[in-house]
Amino acid sequence: MAKNTKTHLYCYDDHRGFSEDVRKRFADQSRYTVVSFQTREEFINQIVAEKENNFCKVAILGLHDTKEQFEMIDQLTVEIKKIDPRTGLILLGPPDKMEVIRKTLKFNIDAYIPKNANSILRIHNTVKKLISEHSIGIFRKKSNLSIYILLGFLLLSVILILVAYFRLPQYF
């Protein structure tokens, strides 16, 4: 069985509207690390600092009603994906503005979640999906490496059998 990988959740919540609920939902310290930020600079600095690590990273970005913030979050998502393309992005916004958010922020977003009573459960399900995708990617790399090693061994065996057949024909 595979070992549990630690997942890091980065919450960009300038009004502290959802980060405590996320922290309560992902309370298991052995599996999750939840960090919340109020400023963009701290948020970006943390992602830059953790860029080289190969664990599952999910950024949860909270949105409000203003169009200026939509544009700022769009720039932030582009910057996050430029720093580390493997980071999963979840946008949490007002339910009445979700269509505007989807039209404004089209690319590199894994989930658009409206703020309501079920938003924490939807965040949890999306994080589980992103963890699964990360694990599948790791296992795919390991599987491909194992196949290459097996093919190399088989090729080496065939070459050795051919050399032995021509050098030592009395055994065949």
Side-chain angles (χ1 to χ4, degrees), residues 1-38 40 42-64 69-70 72-147:
M1 197 72 191
K3 65 175 183 164
N4 289 338
T5 58
K6 194 156 187 170
T7 303
H8 291 256
L9 301 169
Y10 306 119
C11 300
Y12 178 67
D13 187 15
D14 52 353
H15 293 308
R16 288 199 177 258
F18 66 91
S19 60
E20 289 304 317
D21 294 333
V22 170
R23 199 177 302 274
K24 288 176 189 173
R25 182 67 183 182
F26 298 99
D28 187 6
Q29 295 294 321
S30 66
R31 296 181 64 195
Y32 305 105
T33 300
V34 180
V35 184
S36 63
F37 303 96
Q38 284 75 39
R40 178 185 169 139
E42 291 176 350
F43 184 72
I44 293 296
N45 290 339
Q46 181 68 26
I47 290 177
V48 168
E50 299 291 339
K51 170 176 103 168
E52 296 300 321
N53 294 332
N54 196 19
F55 46 73
C56 185
K57 295 173 280 248
V58 179
I60 304 171
L61 307 173
L63 293 171
H64 302 291
Q69 190 184 24
F70 294 168
M72 190 265 303
I73 293 293
D74 186 33
Q75 294 171 354
L76 185 62
T77 58
V78 169
E79 192 172 347
I80 290 170
K81 285 297 184 174
K82 199 181 301 179
I83 293 169
D84 189 6
R86 295 174 296 172
T87 301
L89 290 174
I90 300 173
L91 291 181
L92 187 65
D96 55 341
K97 301 278 186 175
M98 289 310 290
E99 288 302 318
V100 175
I101 292 171
R102 282 192 175 108
K103 290 178 183 175
T104 306
L105 308 170
K106 295 179 185 176
F107 304 108
N108 300 325
I109 308 299
D110 294 306
Y112 300 92
I113 299 176
K115 286 182 188 176
N116 55 23
N118 296 329
S119 61
I120 298 301
L121 291 175
R122 292 185 70 194
I123 288 172
H124 187 262
N125 290 338
T126 305
V127 168
K128 291 290 187 182
K129 180 187 93 157
L130 293 172
I131 292 170
S132 296
E133 290 174 357
H134 180 350
S135 297
I136 287 171
I138 290 172
F139 291 129
R140 184 177 298 131
K141 289 177 187 174
K142 289 180 181 179
S143 173
N144 288 345
L145 179 65
S146 298
I147 288 173

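Since the structure is predicted, the reported quantities are computational estimates derived from the model, not experimental observations.
- Interatomic distance, Gln46 CD to Tyr10 OH, rounded to the nearest 0.5 Å: 5.0 Å.
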Report task. Go through the steps to decide whether Glu79 and Ile44 satisfy the test side chain to side chain contact (heavy atoms under 4.5 Å, CB included), and finish with yes or no. Result -> CA-CA 8 Å; Glu79 192 172 347; Ile44 293 296; 3.6 Å; yes
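- Between atom CD of residue Gln69 and atom CE of residue Met72 there is a gap of 5.0 Å, rounded to the nearest 0.5 Å.
- Taken to the nearest 0.5 Å, the CD1 atom of Ile136 stands 12.0 Å off from the CD1 atom of Ile131.
- Gly93 approaches Ile101 most closely through the heavy-atom pair CA-CD1, 4.1 Å.
- Note: Thr126 OG1 to Ile60 CD1 = 9.0 Å, rounded to the nearest 0.5 Å.
- The closest side-chain heavy-atom distance from Leu91 to Phe70 is not below 4.5 Å.
- Residue Lys57 forms a side chain to side chain donor-acceptor pair (under 3.5 Å) with just one option from Thr87, Asp84, Thr7, and that option is Asp84.
- In this structure, Glu99 pairs ionically with Arg102, as a charged nitrogen and a carboxylate oxygen lie closer than 4.0 Å.
- Residues Ile80 and Ile83 are not in side-chain contact: their nearest non-hydrogen atoms beyond the backbone lie 4.5 Å or more apart.
- For Phe55 and His134, the gap between ring centers reaches or exceeds 6.0 Å.
- Closest of all the heavy-atom pairs between Leu130 and Gly88 is CD1-CA, 4.1 Å.
- Heavy atoms only, all atoms of each residue included: Gln38 and Asp13 are closest at CG-O, 3.7 Å.
- Using modelled atom types, one side-chain atom of Asp110 and one backbone atom of Leu89 make a donor-acceptor pair closer than 3.5 Å.
- When the salt bridge (charged side-chain N to carboxylate O under 4.0 Å, His left out) test is applied to Glu20, the partners found at least two apart in sequence or on another chain are Arg16, Arg23.
- Between His124 and Phe26 the shortest side-chain heavy-atom distance falls below 4.5 Å.
- The OG atom of Ser19 sits 10.0 Å away from the NZ atom of Lys24 when rounded to the nearest 0.5 Å.
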Would you tabulate the side-chain donor-acceptor contacts of residues 113-120 under 3.5 Å, counting partners in other chains and residues two or more places apart, or write 'none'?
from	atom 1	to	atom 2	distance (Å)
Lys115	NZ	Leu63	O	3.2
Asn116	OD1	Asn118	N	3.0
Asn116	OD1	Ser119	N	3.1
Ser119	OG	Asn116	O	3.0

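- Going from atom CZ of Phe139 over to atom OG of Ser146 covers 11.5 Å, rounded to the nearest 0.5 Å.
- A tilted orientation is assigned to the rings of Phe43 and Tyr12, their planes being inclined by 30° to 60°.
- Annotation for Ile73 and Leu61: closest pair CG2-CD1, 4.0 Å, computed over non-hydrogen atoms.
- For the pair Pro85 and Asn108, the minimum side-chain heavy-atom distance is 4.5 Å or more.
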